[in-house]
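A quick write-up on the structure given underneath.
Counting convention: from 1, in listed order, for ligands and their atoms alike.
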Amino acid sequence: MANPLYDRLIAPHAGTETPFLHLPDSRTISYAAFAGRTAQFAHALAAMGLNAGDRVAIQAEKSPDTLALIFACARAGLIFLPLNTGYTPAEIGYFVENSGAAAFVCDATRADQMRPVVEGFGAQLATLDPDGSGSLQAAADGHGTDFPPVDRNPDDVAAFLYTSGTTGRSKGAMLTHENLLSNAETLVDHWGFTADDVLLHALPIFHTHGLFVATNVMLLAGGSMIFLPKFDLDTVLRDLPKATSMMGVPTFYTRLLDTPAFTKDLAGHMRLFISGSAPLLADTHRQFEARTGHRILERYGMTETNMNTSNPYDGDRRPGTVGFPLPGVDLKVCDPETGETLPRGEIGMIEVRGPNVFKGYWQMPEKTAAELRADGFFITGDLGLQDADGYVHIVGRGKDLIISGGYNIYPKELELLLDDQPGVAESAVIGVPHPDFGEGVVAVLVPEAGASPDLDAIRAHLAESLAAFKRPKRIELIDALPRNTMGKVQKNILRDAYADSFTK
Ligand code: MCA
Ligand code: AMP
C-alpha cells in the first residue's frame with residue numbers, strides 16, 4: 001500500500017508532538033494533531049460518499065483546518081482544487097462545472113450564494129470556518145484520528161490548479177503526487193531547510209507558492225510555520241524575530257522596505273528570504289541587501305511546473321535573474337516560431353522538462369498538446385535567456401498576462417466582459433507599473449459612435465463577475481485602439497501611453 005504524498009509528508013512525523021503550526025492566538029498545532037485532523041477529515045469526506053479520484057473544490061479562508069482538509073484529500077485519494085477566496089459565484093461555477101467536482105467546501109458566510117451554483121452542477125456543499133463551526137468540521141469531529149491512506153501511484157493526480165489562458169478560459173492543470181513530491185524534495189535540499197526552520201507563512205494557500213512550495217517544503221523538512229491568515233505588515237514585523245525564513249511575492253518585500261520599522265536588527269538573525277511568483281526588481285534586491293545585509297533568493301516557477309530555477313543558496317544570488325535550472329530540470333531557450341534551441345545568450349521562449357512538469361490540462365487535450373511537447377518539454381510562455389554563467393533571466397512574456405501582487409490576471413477574460421458592456425465598441429486591458437503590486441490593471445475602452453459608456457455601471461458589473469484583484473484599478477476612454485498593419489492591437493503603445501497611471 002502506498003500513497004506518496006501521505007507517506008512522505010504526513011506519516012513520518014505523525015506520531016510526534018513537535019510543533020507544526022504556530023497560530024496568531026499563540027496556540028500551536030503539533031504534527032500529531034495535524035495528522036490526526038487529516039484523518040478525521042478523510043473520514044468525513046468518505047462519509048459524504050466520495051471515492052478515489054473524485055474532485056473536491058475548496059474555497060475556504062486560510063486556517064489550519066483548511067490545510068488539514070487539503071491533505072485529507074490526498075490521504076483519501078481525492079483530487080483537491082484550492083480556489084481563491086476572492087472568486088465570485090460566477091467564477092466558482094466555472095471551476096465546479098469544468099472539474100466535475102463532487103463536493104464544494106466554503107465558509108458558512110458564502111454558503112447561501114454558492115449553494116444554488118454548485119448544487120446546479122451536481123456538487124454537494126459543505127462548510128468549513130476558521131472558528132471550527134463548519135458542517136464538515138462538525139462531521140470530522142465525530143471521527144477517529146486514524147485513517148488508512150488510500151493507495152495512489154506516483155503518477156496519480158493529487159490536485160487541479162486552475163490557470164487562465166489567452167482565450168480567457170481557465171484550464172485545470174493536473175499535478176501528480178510525483179510532481180509535487182519531487183519538487184519539494186529538490187527544494188528542501190537546494191535551500192537547506194531542516195527541522196530547525198521556522199517559516200513565516202503569510203501567503204495564501206490556494207496557489208503553488210503558499211501551498212506546494214512553502215507548506216510541502218516545511219512538511220518534508222519537519223520544521224514549523226508561523227501561520228498567518230494573510231500578509232499584514234504589523235503582524236509580520238512582530239513575528240519576524242521568531243522566524244528563520246520567509247517566502248513571499250515581491251510586494252511583501254517592497255512593503256517591508258517602505259517601513260522604517262523594518263531594520264537590520266529585526267531581520268539580521270534570519271537564515272533565508274525567498275521571492276517568487278513575479279519579477280523582483282534588481283533595485284528591490286539591492287535595497288533589501290543594503291537595509292538588512294541579506295540577499296533575497298529569487299526563484300522561478302509556474303502552476304504547471306512547480307519550481308524550475310533558483311538562485312543558489314551557497315553562491316552568488318544575482319539581482320534580476322532567477323538563477324540556474326534546479327537539479328532534475330532540463331531548461332532550454334528556443335525560437336518561439338520553430339522550437340529550435342537558440343545559442344546561449346539569445347532571447348527566446350523558455351521550455352522546461354522534468355519530474356516537476358504537470359500531466360496536462362483536465363479534459364483539454366488540444367491545449368495540452370499545444371503547450372506540452374511529445375518529448376516532455378513544456379512551453380512556458382516566458383521569454384528569457386541563459387547568460388554565459390548559466391543564470392536564467394526572464395525578460396518578458398510571450399503570453400498576454402498581467403501579474404499583480406503575485407496574482408495572475410488574463411486580459412482576455414476582462415476584455416470579453418468589457419466588450420459586452422452597453423456603449424462599448426471594444427476594449428484592451430493592460431498592465432502598467434504599480435508601486436505596490438508591481439503591475440496594475442488599466443482597461444482602455446473605445447465607446448461606440450456617439451455613446452458615453454456608464455463607467456459606474458461597468459464597474460458594478462465587473463464587481464459581480466470578477467474577484468476584486470482582477471478588476472481594473474483605472475478605466476480610460478480612447479477614440480480608437482492602436483493597431484499594426486495586421487490589425488493586431490498594439491498593447492505596447494497603450495502600455496507606454498498609460499505608464500504613469502499609478503506612479504506615486
Ligand atoms: C489585493 N488586491 C489586489 C491584490 N491583492 N489587487 C491587485 N493585485 C493584488 N495582488 C486588491 C484588494 O482586493 C483591494 O481591493 C485592494 O487591492 C487593497 O487590498 P490590500 O488590503 O492592500 O491587499 P492585501 O490584502 O494586503 O493583499 C496584497 C497581497 C496579496 C498581500 C500582495 O495580494 C497576496 O497575498 N498576494 C500573493 C499572491 C500569491 O500567493 N501568488 C502566488 C501564485 P478593493 O479595495 O477593491 O477591495 S503561485 C505562482 O505565481 C507561481 C507558481 C510561483 O512561481 O510562485
Ligand atoms: P502562475 O503559474 O500562473 O502562477 O504564474 C507563473 C508565471 O509567473 C510564470 O510563467 C512567470 O511569468 C511568472 N513568474 C514566476 N516567478 C517569477 C520570477 N521569479 N520572475 C519573473 N516571473 C516569474
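- Protein residues with a heavy atom closer than 4.0 Å to ligand 1 are L203, P204, H207, T208, H209, K230, F231, V249, T251, F252, R255, S277, R299, G301, M302, T303, M307, S404, G405, G406, Y407, F437, A468, F469, K473, listed by chain and number.
- Geometric assessment of K367 against the ring of Y361 yields a negative cation-pi assignment under the 6.0 Å and 45° thresholds.
- Checked against a 6.0 Å centroid threshold, the rings of F95 and F160 do not count as neighbours.
- With no hydrogens or angles considered, a side-chain donor-acceptor pair links T244 and D197 at under 3.5 Å.
- Ring geometry for F502 versus H434: interplanar angle of 30 to 60°, hence tilted.
- There is no side-chain donor-acceptor pair under 3.5 Å between Q287 and T284.
- Ligand 2 is surrounded by S277, A278, P279, E298, R299, Y300, G301, M302, T303, V322, D382, R397, K399, I403, N408, each with at least one heavy atom closer than 4.0 Å.
- For F288 and F262, the ring centers sit closer than 6.0 Å to each other.
- Using cut-offs of 30° and 60° on the angle between ring planes, the pair Y87 and F469 is tilted.
- In this model, a donor atom of one side chain and an acceptor atom of the other lie less than 3.5 Å apart for S427 and D419.
- Using modelled atom types, one finds no donor on one side chain facing an acceptor on the other under 3.5 Å when comparing T251 with T254.
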